[in-house]
Amino acid sequence: NTYEKPQGSVSIPVKKAISGNAYSWSEKFTFTLKAVNNEPMPENSNDEVVMDAKPDAMTVDFGEIKYTMDDLKDSENNYLKTKDFKYTIIETVPGDAINKDEVKYSEKDLPENDGKNAGPWVYKGVTYDAEAHTVIMIVVDNGDGTMTATPKYNDGDELTGEKITNTYNAAPTQQKLEVQKGISGRD
């Protein structure tokens with residue numbers, strides 16, 4: 001008898017949401033998937049995958065991650081029935097986004113901004129989510145030649161993926177009106 005080593009695969013989607021006033025989505029939003037401890041990654045990637053969410057797609061998929069029995073080994077090369085794999089998803093904050101101290105995101109780590117480098121970060125009225133979102137992939141050897149990979153999200157579900165929400169508030173505007181008065185028909 002031969003035993004085929006089981007494999008399992010799954011993708012990690014991210015759902016982009018914007019709450020607040022009416023927002024016309026013309027910007028792209030960029031997300032990065034990173035392996036925390038050398039976890040398997042989607043094909044043709046190293047330790048991170050960068051994807052853009054564009055106006056025509058509110059969900060981003062980083063690609064299929066394949067798991068094999070070799071991935072279920074512990075540090076001593078023993079096979080485990082179940083193993084957790086940890087990933088983070090981070091939204092890229094534009095460099096020109098500013099915080100309440102008027103510090104640009106791209107300059108937040110400069111020594112002169114020490115103590116003034118905390119978010120939230122706002123760009124074009126959108127408050128960005130700069131937090132790292134953790135996804136735990138639970139991979140199980142079913143013992144019947146198959147594997148199951150199930151993602152556990154902080155804020156999301158298996159069907160839609162991790163939900164990352166930004167808030168949009170239109171910036172107040174001021175306009176100076178000038179009026180001229182004229183009188184005609186008088187001598």
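Just so it is clear, the values below take in all heavy atoms, side chains as well, and ignore hydrogens, waters and symmetry mates.
A 6.0 Å sphere centred on NZ of Lys83 holds more than 12 heavy atoms belonging to other residues, nucleotides or ligands. The number of heavy atoms from other shown groups lying within 6.0 Å of CG (Asp74) is above 12.
Partners of Asp96 by salt bridge (Lys or Arg N to Asp or Glu O under 4.0 Å), not counting sequence neighbours, listed by chain and number: Lys104. Every residue two or more places apart in sequence or in another chain that forms a side-chain contact (heavy atoms from CB on, under 4.5 Å) with Ile136 is listed here: Asp84, Lys86, Thr134, Ile138, Lys152. With sequence neighbours left out, the salt bridge (Lys or Arg N to Asp or Glu O under 4.0 Å) criterion links Glu107 to no other residue. Contacts of Thr148 classified as side-chain contact (heavy atoms from CB on, under 4.5 Å), with partners at least two apart in sequence or in another chain: Asn142, Thr150. Every residue meeting the side-chain contact (heavy atoms from CB on, under 4.5 Å) condition with Ala130, not counting sequence neighbours, appears here in chain and number order: Val93, Trp121. With sequence neighbours left out, Glu131 forms a side-chain hydrogen bond (donor to acceptor under 3.5 Å, both in side chains) with no residue at all. Annotation: side-chain contact (heavy atoms from CB on, under 4.5 Å) contacts of Asn37 (sequence neighbours excluded): Glu39. Applying the side-chain hydrogen bond (donor to acceptor under 3.5 Å, both in side chains) test to Ser106 and every residue at least two apart in sequence or in another chain returns nothing.
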* What do the steps show when you test Val36 against Thr88 for side-chain contact (heavy atoms from CB on, under 4.5 Å), and what is the final call? -> CA-CA 7 Å; Val36 175; Thr88 58; 3.9 Å; yes
* Could you check Phe85 against Tyr67 for ring-ring contact (aromatic ring centres under 6.0 Å, His included), going step by step and ending with a plain yes or no? => CA-CA 10 Å; Phe85 297 90; Tyr67 298 94; 5.1 Å; yes
* Asked: Stepwise, does the side-chain hydrogen bond (donor to acceptor under 3.5 Å, both in side chains) test hold for Thr146 with Asp144?
  -> CA-CA 6 Å; Thr146 64; Asp144 62 1; 2.5 Å; yes
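With a 4.5 Å cut-off on side-chain heavy atoms, Ile12 and Leu33 count as touching.
Grouped by direct or indirect side-chain proximity (heavy atoms under 4.5 Å, Ile/Leu/Val/Met/Phe/Trp/Tyr only), Leu80 sits alone.
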